[in-house]
Enquirer: 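One structure coming up, written as structure tokens, with questions to follow.
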There are 2 protein chains.
Amino acid sequence: MKTPPADSFSALLRERGLRATPRRLQLLSLLARAERPMSAHEIKAKWKRGRIDLVTLYRALDALVAATLARRVDLRHGHIDYEINRSGNHHHHLVCTGCGVIEEVTACPGKNLGELALARSAKFASLEEHALEFFGTCKACVA
Amino acid sequence: MKTPPADSFSALLRERGLRATPRRLQLLSLLARAERPMSAHEIKAKWKRGRIDLVTLYRALDALVAATLARRVDLRHGHIDYEINRSGNHHHHLVCTGCGVIEEVTACPGKNLGELALARSAKFASLEEHALEFFGTCKACVA
DNA sequence: GTTAGTGCAAAGCCTTTGCATGAGG
DNA sequence: CCTCATGCAAAGGCTTTGCACTAAC
């Protein structure tokens, strides 16, 4: 999982009409390195250079999500988690209801199923996104 | 969509070791009649006979979810929604990001996909549940 | 009579809003 | 320079906790 250079992040931000500030670059870098979705509070705790206000963080995350550079995920942990949205890295999650451990699932019927659902739907004009998460028990929590 | 008689709800509750109180019976009845998932606040607002404290409602909902009589759903509305969990009525949702309107999706690859994900997983022992929701734009919001 | 359920008050926690200051392009 | 980004303070909203009282069985 290699991390794109900071310049590439700058370009990504500017392409979407967002300013490439140090905080947003570090945020993208953090998200890109992360091995699992993180909450705003976790991101703040992991912040390296300088500090970031939680409000700024929430607003930056909102901007990234709106720009499709990040995704929101609900893992039933009582808060929103965020993860980077790389093209070609579509995936979902297995979540342990015991300890919260997370594993990625790469198989996904979402697109086809979405088209089917849309075709059968009376009310909807288009689908942009879907959420799919599995909840179960990990081997450590069974023992 | 017929509603089972209250006696049947009593039996359901007792089978799971829960007491069949008037509030829980009315709660099950409300959930069974609902055409879409509802938040705790919505349920309280729809309450007919007498009144129910929000705390009691949250605890009753927790009990129903634990007893698999209800399900939690995240439709990205900033709160948890609840719906009845009837056997043979497994479904998911289309959610309009414009106006919030909801439509049910009956097609679901969850079981097979879950088994596949579990087979490929290194860490997980079992899967009990999954969440699958589609987000898009309804015809009214396109116009 | 025991135990589970309920209400009230209060707190907890994540998240958002408003406003003034500061930095990007 | 003008606009967007940031920080601080405060509030908002959903949900949980503690404790005393009530009702189911």
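Remember, it's a predicted structure, so these values are computed and weren't measured experimentally. Protein chains get the first letters and strands the later ones, always in sequence-line order, with residue 1 at the start of each.
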Enquirer: Side-chain heavy atoms under 4.5 Å apart, restricted to Ile/Leu/Val/Met/Phe/Trp/Tyr: what other residues fall into the cluster of B:Phe124, or is it alone?
Expert: A:Leu94, A:Val101, A:Val105, A:Leu113, A:Leu116, A:Leu118, A:Phe124, A:Leu127, A:Leu132, A:Phe134, B:Leu94, B:Val101, B:Val105, B:Leu113, B:Leu116, B:Leu118, B:Leu127, B:Leu132, B:Phe134

Enquirer: Identify, with sequence neighbours excluded, every residue that meets side-chain hydrogen bond (donor to acceptor under 3.5 Å, both in side chains) alongside A:His90.
Expert: A:His92, A:His130

Enquirer: Give me the residues of residues 36-45 of chain B where at least one heavy atom lies under 4.0 Å from an atom of DNA chain D, by number, or none.
Expert: B:His41

Enquirer: Is any side-chain nitrogen or oxygen of A:Thr56 closer than 4.0 Å to OP1 or OP2 of D:dG7?
Expert: yes

Enquirer: Please report the distance, rounded to the nearest Å, between CD in B:Gln26 and C1' in C:dT6.
Expert: 14 Å

Enquirer: Round to a whole Å and report the spacing from CG of A:Asp53 to C1' of C:dT16.
Expert: 12 Å

Enquirer: Rounded to 10°, tell me the angle between the two end axes of the helix from C:dG1-D:dC25 to C:dG25-D:dC1, each built from five pairs.
Expert: 40°

Enquirer: Reckon B:Arg24 has a side-chain N or O less than 4.0 Å from the OP1 or OP2 of C:dT6?
Expert: yes

Enquirer: Rounded to whole Å, please give me the gap between CG in B:Leu57 and C1' in D:dT15.
Expert: 11 Å

Enquirer: State plainly whether the residues B:Arg72 and B:Asp62 are in salt-bridge range, i.e. N to O under 4.0 Å.
Expert: yes

Enquirer: How does protein contact run along nucleotides 16-25 of chain D, one letter per nucleotide 5' to 3', with B for base contact, S for sugar-phosphate only, - for none, heavy atoms under 4.0 Å?
Expert: BBB----BBS

Enquirer: Can you name the salt bridge (Lys or Arg N to Asp or Glu O under 4.0 Å) partners of A:Arg19, sequence neighbours left out?
Expert: none

Enquirer: To the nearest Å, how far apart are B:His79 NE2 and D:dG12 C1'?
Expert: 15 Å

Enquirer: Holding to salt bridge (Lys or Arg N to Asp or Glu O under 4.0 Å), I want the full list of residues that pass it with B:Glu103, two or more places apart in sequence or in another chain.
Expert: none

Enquirer: Find the distance A:Ile52:CD1 to D:dG7:P and express it as a whole number of Å.
Expert: 6 Å

Enquirer: How long is the line joining CD of A:Glu15 and C1' of C:dG25, in whole Å?
Expert: 16 Å

Enquirer: Apply salt bridge (Lys or Arg N to Asp or Glu O under 4.0 Å) to A:Lys139 and list each qualifying residue two or more places apart in sequence or on a separate chain.
Expert: none

Enquirer: Tell me: NE2 of B:His77 to P of C:dT15, nearest whole Å?
Expert: 17 Å

Enquirer: Under the salt bridge (Lys or Arg N to Asp or Glu O under 4.0 Å) test, which residues partner B:Glu115, sequence neighbours left out?
Expert: B:Lys111

Enquirer: Taking all non-hydrogen atoms of both residues, which atom of B:Ser39 and which atom of B:His79 are closest, and how far apart?
Expert: CB-CD2, 3.6 Å

Enquirer: Whole angstrom is fine here: how far is it from CG in B:Asp74 over to P in D:dC14?
Expert: 14 Å

Enquirer: Which residues pass the ring-ring contact (aromatic ring centres under 6.0 Å, His included) test with A:His91, sequence neighbours left out?
Expert: A:His93

Enquirer: Rest of the hydrophobic cluster containing A:Leu75 (Ile/Leu/Val/Met/Phe/Trp/Tyr, side-chain heavy atoms under 4.5 Å)?
Expert: A:Val73, A:Val95, A:Ile102, A:Phe135

Enquirer: Name the atoms and distances for all side-chain donor-acceptor pairs under 3.5 Å in residues 49-61 of chain B, with sequence neighbours left out.
Expert:
{"unit_1": "B:Asp53", "atom_1": "OD2", "unit_2": "B:Val55", "atom_2": "N", "d": "2.9"}

